[in-house]
Amino acid sequence: MSKEKKLTFLFTVLIFAYLFYMTSCLTQADEPIGGQNEAPSTATSEIWVSSSATAIVPTASGSGVRATEEMIRLALNPAPGGPFSDFETADFMGPSVCTLCHIGLIDESGKDVSMPSDWRSTMMAHAGIDPVWQAKMSSEVARNPELQDVIETKCVTCHMPMATTQALVEGLPVSGLDDGFFTPANSYHAAAIDGVSCTLCHQVTNENLGSMDSFSGHYVIDTATTPPNRVIYGPYPNPVAMQMRNHTGYTPAYGEHMLSAEHCATCHNLYTPFVDSEGNILGEFPEQTPYTEWQYSEFGSETQSCQSCHMPLADGAVKISQMPGRLAAREPFFQHYFVGGNTFMLEILANWGGDLEVSATQEEFNETITRAEEQLGEHTAALSVSDLSVTDGILEAEIQVEVFTGHKFPTSIPTRRAWLHFAVSDSSGQIIFESGKQNPDGSIQGNAADADPLAYEPHYELITQPDQVQIYEGIMQNSDGEVTYTLLRAASFAKDNRLLPVGADKENLPADIGVYGFAAQDANFVGGSDLVRYQVDTGGYEGPFTVSIELLYETLSYRFVQDLLLDKTELTERFGAYYNSSDKTASLIDSLVISTQN
């Protein structure tokens, strides 16, 4: 062995010895000291880490040694768990006051359905500290600094609604950046980072609900009243009022609107201003419109509201408060899951919650992620094969995508996309054709947008090449007709082939929720479904052939993130670090495997 190789080997041994020593020290630091029965730190096995995550330890030869996954885990700062927030302003209170009575609620199956516990690990609870939202707001300000006040006010109104409302009442500045709500020293910081909390939603009145006047964060809260006469709404008639008045200063009242889609629409129908290349405001863009999409669906016509899917019913009646003891059980009881499909950001919050002032526990995040995965995998969409044949060496398959959602899928902010991963293999198992394979970095093979920021995949009726991918998405364009990922430049959609809900008639949809691009002319793209044909030349290969199809989904498209990270703000760089360290594997909505032999 040469002297150089001996030195390299010795250096490598020393590196591993050091890693072992550090791991031992950290393990000992977690053990009780002096016989005290201290609770152990959060188990690393609960942390959401990509199995492919690796770190490189340099060596003298420069080749590197792969550190253990345990060392990767130790680099994270997971959600630590903690008490419910106990902030108090003139009109709002933290959820700790709600836990006086609304913890330990059990349904008829014996399941705990306590509202604060279910809520605290949701995206609603973390609307104010969502790191990609904070990063995007800082990016938009960096690109349009002269509109900073407009951008920040628009954003914090729904993401930090309690702080925003209180500041407006008291005539104080409304902002997130600089010395605004993001800053711990700000007097409304605690209210801001509690996101969309109990005393916000339950104080929204029915004024203007369902109208344009209520969209984009124009919810109305009566801030003129004082304790104990502040009205707080619930879904049940004839509430018992004395205990809540005495303990919180709020008077409970029946609000029929609490179970309506119009209540949700105050923030989930959002219009954002857009500007030209000179920074002049030209109009408003329908950034997200799930309420309007719902209105034009079968769900809307049957008044099956948002709550029926996103706040699933408990089993039977529930006694909704621990006090008074004589309180009768009520039904229906909607669980405060606020379940959606954003598993990616929930995992980031779980993994780096210690950086982000998260109070939920790892276990609570795991439960919320599991609910979201179930929502995506069981209640979102399904695949079927309507035809599969091989004629003269050409395999032809017709794939039907059926959607179950009460709005477009994907819906809301157009950072989201769903797509078909289609592959054909021969009798030996060799893949001879593949469209829509995802790369580890989150990009999609063959997707024009992931290769070129000014391009995008069109909607397809027929796919014959691997670099053609059926992607259901909204692609924004600016006032000059160029693709953009800057919200303040988004004037319209160059493409919107997001799957329509059942009952939607694409020929008669209002412009805000219309279909744009080739999907508008596709006779098989209709309310509730789409049909895509694939033709694959199997010449030179031996059958029978196996066709594998997956419908995949991701919250943040690769191109959106790459565009966001062009701005080097503190918040974009923080999010970039989380993103680059996270597993970007798409969520599986449905899958099928079928053989030509069958």
Participant: Can you confirm whether Phe274 sits close enough to Asn478 that some side-chain heavy atom of one is under 4.5 Å from a side-chain heavy atom of the other?
Facilitator: no
Participant: List in chain and number order the residues that pass side-chain contact (heavy atoms from CB on, under 4.5 Å) with Thr415, two or more places apart in sequence or in another chain; answer none if no residue qualifies.
Facilitator: Ile413, Leu556, Phe560
Participant: Is there a donor-acceptor pair closer than 3.5 Å between any side-chain N or O of Ser114 and the backbone N or O of Leu105?
Facilitator: yes
Participant: For Glu374, give me all partners under side-chain contact (heavy atoms from CB on, under 4.5 Å), at least two apart in sequence or on another chain.
Facilitator: Glu378, His379
Participant: Determine whether Ser216 and Lys154 satisfy the following criterion, side chain to side chain contact (heavy atoms under 4.5 Å, CB included), listing intermediate values before the conclusion.
Facilitator: CA-CA 8 Å; Ser216 302; Lys154 175 68 72 172; 3.8 Å; yes
Participant: Return the minimal non-hydrogen interatomic distance between Ala135 and Phe575, and the atom names on each side.
Facilitator: CB-CB, 3.9 Å
Participant: What are the two closest heavy atoms between Cys98 and Pro116, and how far apart are they?
Facilitator: CB-CG, 4.4 Å
Participant: Kindly indicate whether the side chain of Asn186, heavy atoms from C-beta on, has any atom under 4.5 Å from the side chain of Asp179.
Facilitator: no
Participant: Does Ala350 offer a backbone N or O that forms a donor-acceptor pair with the side chain of Gln362 under 3.5 Å?
Facilitator: yes
Participant: Apply the test side chain to side chain contact (heavy atoms under 4.5 Å, CB included) to residues Ile475 and Tyr485: give CA-CA distance (whole Å), side-chain angles for both, the deciding distance (0.1 Å), then the verdict.
Facilitator: CA-CA 8 Å; Ile475 296 291; Tyr485 294 89; 4.3 Å; yes
Participant: Within the 3.5 Å criterion, strictly below it, is a donor on Asp441 or Ser443 matched to an acceptor on the partner's side chain?
Facilitator: yes
Participant: Is the backbone N or O of His257 less than 3.5 Å from a side-chain atom of Glu262, with the two atoms forming a donor-acceptor pair by type?
Facilitator: no
Participant: What's the shortest heavy-atom distance between Ser479 and Asp276, and which atoms?
Facilitator: OG-CA, 3.6 Å
Participant: Would you give the length of the straight line joining atom NE2 of His407 to atom SG of Cys309, rounded to the nearest 0.5 angstrom?
Facilitator: 7.5 Å
Participant: A side-chain contact here means heavy atoms from C-beta on lying under 4.5 Å apart; do Gln562 and Pro453 qualify?
Facilitator: no
Participant: Report yes or no: does Glu482 contribute a side-chain atom to a donor-acceptor pair with the main-chain N or O of Leu454 at less than 3.5 Å?
Facilitator: no
Participant: The test is side chain to side chain contact (heavy atoms under 4.5 Å, CB included); show your working for Met137 and Thr569 and say whether it passes.
Facilitator: CA-CA 10 Å; Met137 189 171 85; Thr569 73; over 6 Å; no
Participant: CD/Gln148 to OG1/Thr153 distance, rounded to the nearest 0.5 angstrom?
Facilitator: 9.5 Å
Participant: Please name the pair of heavy atoms, one in Lys136 and one in Leu564, separated by the smallest distance, quoted to 0.1 Å.
Facilitator: CA-CD1, 3.7 Å
Participant: Could you state the interatomic distance from CD (Gln166) to CG (Leu200), rounded to the nearest 0.5 Å?
Facilitator: 11.0 Å
Participant: Using modelled atom types and a 3.5 Å cut-off, is there a donor and acceptor pairing between side-chain atoms of Ser305 and backbone atoms of Leu259?
Facilitator: yes
Participant: Any donor and acceptor pair, going by atom type alone, linking the side chain of Lys568 with main-chain N or O of Leu565 inside 3.5 Å?
Facilitator: yes
Participant: To the closest 0.5 Å, what do you measure between CG (Leu487) and SG (Cys155)?
Facilitator: 8.0 Å
Participant: Under 3.5 Å, side chain of Glu152 to main-chain N/O of Val174, donor-acceptor pair present?
Facilitator: no
Participant: Students often mix this up, so state it plainly: with edges at 30° and 60°, are the rings of Tyr553 and Phe409 parallel, tilted or perpendicular?
Facilitator: tilted
Participant: Under a 3.5 Å cutoff, is there a donor and acceptor pairing between the side chains of Ser139 and Asp567?
Facilitator: yes
Participant: Will you find, in the side chains of His263 and Gln307, an N or O donor that is under 3.5 Å from an N or O acceptor?
Facilitator: no
Participant: Backbone N or O of Thr289 within a donor-acceptor pair of the Thr411 side chain at under 3.5 Å?
Facilitator: no
Participant: Let me check something: any side-chain donor-acceptor pairs from residues 223-234 under 3.5 Å, sequence neighbours excluded? List them with distances.
Facilitator:
unit_1 : atom_1 : unit_2 : atom_2 : d
Asn229 : OD1    : Arg245 : NH1    : 3.2
Arg230 : NH1    : Ala90  : O      : 2.7
Arg230 : NH2    : Thr248 : O      : 3.3

Participant: Distance-only, no hydrogens or angles: does the Asn269 side chain make a donor-acceptor pair with backbone N or O of Tyr291 under 3.5 Å?
Facilitator: yes
Participant: Side chain to side chain contact (heavy atoms under 4.5 Å, CB included), that's the test. Do Phe87 and Phe92 meet it? Break it down for me.
Facilitator: CA-CA 8 Å; Phe87 78 87; Phe92 302 98; 4.0 Å; yes
Participant: Can you establish whether the number of heavy atoms outside Glu570 located under 6.0 Å from its atom CD is more than 12?
Facilitator: no
Participant: If the test is ring-ring contact (aromatic ring centres under 6.0 Å, His included), which one of Phe344, Tyr558, Trp352 qualifies with Tyr579?
Facilitator: Phe344
Participant: Restricting to non-hydrogen atoms, name the atom on Pro332 and the atom on Leu313 that form the minimum distance, rounded to 0.1 Å.
Facilitator: CB-CD2, 3.4 Å
Participant: Name all residues meeting the side-chain contact (heavy atoms from CB on, under 4.5 Å) criterion together with Glu364; count only those two or more places apart in sequence or in a different chain, and write none if there are none.
Facilitator: Arg120, Ser121, Ala360, Thr361
Participant: Would you say the side chain of Thr199 lies within less than 4.5 Å of the side chain of Pro95, judging by non-hydrogen atoms?
Facilitator: no
Participant: According to ring pair (Phe, Tyr, Trp, His ring centres under 6.0 Å), does anything in residues 120-145 pair up with another residue at least two apart or in another chain? List the pairs.
Facilitator: His126-Phe365, Trp133-His159, Trp133-Phe182
Participant: Determine whether Lys408 and Asp496 satisfy the following criterion, salt bridge (charged side-chain N to carboxylate O under 4.0 Å, His left out), listing intermediate values before the conclusion.
Facilitator: CA-CA 10 Å; Lys408 290 183 180 181; Asp496 188 349; 2.8 Å; yes
Participant: Quick one: does Arg489's side chain have a donor or acceptor within less than 3.5 Å of a partner on Val275's backbone?
Facilitator: yes
Participant: Taking less than 2.5 Å as the test, are the sulfur gamma atoms of Cys158 and Cys267 close enough?
Facilitator: yes
Participant: Would you indicate whether the side-chain heavy atoms of Val220 and Ser214 approach each other to under 4.5 Å?
Facilitator: no
Participant: Parallel, tilted or perpendicular: which describes the rings of His336 and Phe338, with under 30° parallel and over 60° perpendicular?
Facilitator: perpendicular
Participant: Is the closest side-chain heavy-atom distance between Phe334 and Pro235 below 4.5 Å?
Facilitator: no
Participant: So how far is it from Gln288 CD to Ile513 CD1, rounded to the nearest 0.5 Å?
Facilitator: 14.0 Å
Participant: Sequence neighbours left out, what passes side-chain contact (heavy atoms from CB on, under 4.5 Å) with Pro173? Give chain and number order.
Facilitator: none
Participant: When you compare the side chain of Tyr250 with that of His202, does any pair of heavy atoms fall below 4.5 Å?
Facilitator: no
Participant: Any side-chain heavy atom of Met323 within less than 4.5 Å of one from His247?
Facilitator: yes
Participant: Mind checking the CG-CG spacing from Leu147 to Leu488? Nearest 0.5 Å is all I need.
Facilitator: 6.0 Å
Participant: Tell me, yes or no, whether the heavy-atom count around Glu256 atom CD, taken from other residues, nucleotides or ligands under 6.0 Å, exceeds 12.
Facilitator: no
Participant: Quick one about Glu287 and Thr272 (side-chain donor to acceptor, distance below 3.5 Å, no hydrogens or angles considered), yes or no?
Facilitator: no
Participant: Work out which heavy atom in Ala490 is nearest to a heavy atom in Met476; give both atom names and the distance.
Facilitator: CB-SD, 3.5 Å
